[in-house]
Amino acid sequence: MRGALLRWYDREARDLPWRRTRDPYEIWISETMLQQTRVDTVIPYYERFLERFPTVESLADADADDLMEHWAGLGYYRRARNLRAAARQIVEHHHGDLPDEVDGLLSLPGVGRYTAGAVASIAFDRPAPIVDGNVARVFARFFGIRQDILAASVQARLWQEAETLARGRRPGDLNQAVMELGATICTPRAPECARCPLERRCNAHEAGDAAALPFKAARKAPKRVAAVAARITRNGRHLAARRPPGGLLGGLWELPGGELVSGETPEAAISRNLRERLGLTAKSCKTLGSVEQVFTHRHLELHVLRVETAGGRVRRREYDAHRWLSERGLNALPLSRIAQKAIALGR
DNA sequence: AAGTCGGGGAA
DNA sequence: TTCCCAGACTT
């Protein structure tokens, strides 16, 4: 398998920004951004992020909002926070150099089995295995694995096969070759077997069920939830609040608000949330409209209202910061997509 | 083993 | 619409 893979990879590999460097820091950043995120989405974020944070030290010193500004829109925001925490750990305990083996990499926050293997093999030429969605699909077809791909026993088999593969010369390129194959030829719906360097030895192609593999149990539909957000303006400046780190959209800014519990009207919900979370009293509300965002496990409908409040000052509860900002300042904040949509409604 | 955590491109 | 993406981490 290795020879055919490497010959194909040397010929067909896409020219991607992180393939032009051997810098472990840059490869680590790319692998973290690529977690559950497509190559085309990552590229502009990768370039901008490395321009702003070119070294481990600069990342370790990053300001939280500055950091989130460079991640806003990419999703899975805990990744950004973990990157900075890991950078601090690297500066503190490793003299600013990334660990060059899987075990050391695994000790960093946000680095799991996949990312540790990717950095170890690609940046340090270690024979470390990796299994991502691409590898799992290619292997399921090649080896004819017809059980639930997420089952623990199947995962163990996949990692075992990956370990065997990475034992060859150029482990980093072997790993990347399988992922490249999965991303460009051995794709989920309609694999182009005619172009595949492994066609002749592929079990699923032989059996004629490549497009049906890998098998996955159906996922549950995202739960529908509703929330409210307030456009509050005083002296021409708009109130924004920062979500606490850790949870959903952690560290991002938004128009203040909160959940709408069942049976509650948007007006009642915004009044209650502003009182409970910001100590503000709503005097009048006007609906601006609603926006939607679908997350992996949630389908959120956000009602946006213009709210006049009594004059009292803000006393924060769950939010960990707030600011009164011009329209321009508002849009310069690190905002999630749903917050961007909500702000656009009020213009 | 199942749930949490974003957003978007492709079919 | 549905799927799923160079996953990690908690429960």
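Only heavy atoms go into these numbers, but all of them, side chains included; no hydrogens, no water, no symmetry mates. Below, chains carry the letters A, B, ... as their sequence lines are ordered, and counting in each starts from 1.
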Task: Nearest atoms (heavy-atom pairs only) where A:Phe124 meets A:Pro99 - done: CE1-O, 3.3 Å

Open item on the list: Just to be sure I understand the rule, does A:Arg81 reach a base, reach only the sugar-phosphate, or reach nothing, if contact means heavy atoms closer than 4.0 Å?
Closed with: nothing

Task: Those residues that, when tested against A:Phe143, pass ring pair (Phe, Tyr, Trp, His ring centres under 6.0 Å) (two or more places apart) - done: A:Phe139

TODO: Could you say whether A:Leu108 or A:Ala218 is positioned toward the 5' end of DNA chain C, judged by the nucleotide with the nearest heavy atom to each?
DONE: A:Ala218

Would you mind writing out the side-chain donor-acceptor pairs for residues 299-314 of chain A within the sub-3.5 Å range, not counting sequence neighbours?
residue: A:His299; atom: NE2; partner: A:Glu292; partner atom: OE1; Å: 3.1
residue: A:Arg306; atom: NH2; partner: A:Gly346; partner atom: O; Å: 3.2
residue: A:Thr309; atom: OG1; partner: A:Arg234; partner atom: NH2; Å: 3.0

TODO: Could you tell me which residues satisfy ring pair (Phe, Tyr, Trp, His ring centres under 6.0 Å) with A:Phe142, sequence neighbours excluded, listed by chain and number?
DONE: none

- [ ] Select base, sugar-phosphate, or nothing to describe what A:Leu16 touches, counting heavy atoms under 4.0 Å on all strands.
- [x] base

Open item on the list: What contact category does A:Thr115 fall into here, base, sugar-phosphate, or nothing, at under 4.0 angstrom with non-hydrogen atoms?
Closed with: sugar-phosphate

TODO: Give the rounded distance in Å between these two atoms: CD of A:Gln155 and P of B:dA2.
DONE: 13 Å

Open item on the list: Show every salt bridge (Lys or Arg N to Asp or Glu O under 4.0 Å) that has at least one partner inside residues 76-85 of chain A, sequence neighbours left out.
Closed with: none

Open item on the list: When you measure from the side-chain N and O atoms of A:Lys220 to the phosphate of B:dG3, is any distance below 4.0 Å, counting only OP1 and OP2?
Closed with: yes

Only pairs under 3.5 Å count here: list side-chain donor-acceptor contacts from residues 250-259 of chain A, not counting sequence neighbours, and write none if there are none.
residue: A:Trp253; atom: NE1; partner: A:Asp65; partner atom: OD1; Å: 3.0
residue: A:Glu254; atom: OE1; partner: A:Arg243; partner atom: NH1; Å: 3.1
residue: A:Glu254; atom: OE2; partner: A:Arg243; partner atom: NH1; Å: 3.4
residue: A:Glu254; atom: OE2; partner: A:Tyr319; partner atom: OH; Å: 2.5

Task: For A:Asp61, salt bridge (Lys or Arg N to Asp or Glu O under 4.0 Å) partners two or more places apart - done: none

- [ ] Would you indicate what A:Ala190 reaches in the nucleic acid, counting non-hydrogen atoms under 4.0 angstrom: base, sugar-phosphate, or nothing?
- [x] nothing

Task: Contact residues, residues 54-67 of chain A to DNA chain C [heavy atom, < 4.0 Å] - done: none

Open item on the list: Restricting to salt bridge (Lys or Arg N to Asp or Glu O under 4.0 Å), what partner residues turn up for A:Glu161, sequence neighbours left out?
Closed with: A:Arg157

Open item on the list: Between B:dC5 and C:dA6, how many Å separate the two P atoms, rounded to a whole number?
Closed with: 23 Å

Open item on the list: Please classify the nucleic acid contact of A:Val111 as base, sugar-phosphate, or nothing, using heavy-atom distances under 4.0 Å.
Closed with: sugar-phosphate

TODO: With P as the reference atom in both, quote the distance from C:dT10 to B:dG6 in angstrom, rounded to an integer.
DONE: 15 Å

Open item on the list: Generate the contact string for nucleotides 5-11 of chain B. Rules: B means base contact, S means sugar-phosphate contact only, - means no protein heavy atom under 4.0 Å.
Closed with: BBBBB--

Task: Bounds of contact between DNA chain C and chain A, in 5' to 3' order, using a heavy-atom cut-off under 4.0 Å - done: C:dT2 to C:dC9

Task: Verdict with reasoning, A:Arg170 to A:Asn175, per side-chain hydrogen bond (donor to acceptor under 3.5 Å, both in side chains) - done: CA-CA 9 Å; A:Arg170 300 172 59 191; A:Asn175 284 338; over 6 Å; no

TODO: Would you indicate what A:Trp71 reaches in the nucleic acid, counting non-hydrogen atoms under 4.0 angstrom: base, sugar-phosphate, or nothing?
DONE: nothing

- [ ] Kindly write out the residues that satisfy side chain to side chain donor-acceptor pair (under 3.5 Å) with A:Asp15, not counting sequence neighbours, or none if the list is empty.
- [x] A:Arg20

- [ ] Output all residues satisfying ring pair (Phe, Tyr, Trp, His ring centres under 6.0 Å) with A:Phe53, sequence neighbours left out; order by chain, then residue number.
- [x] A:Phe49, A:His70

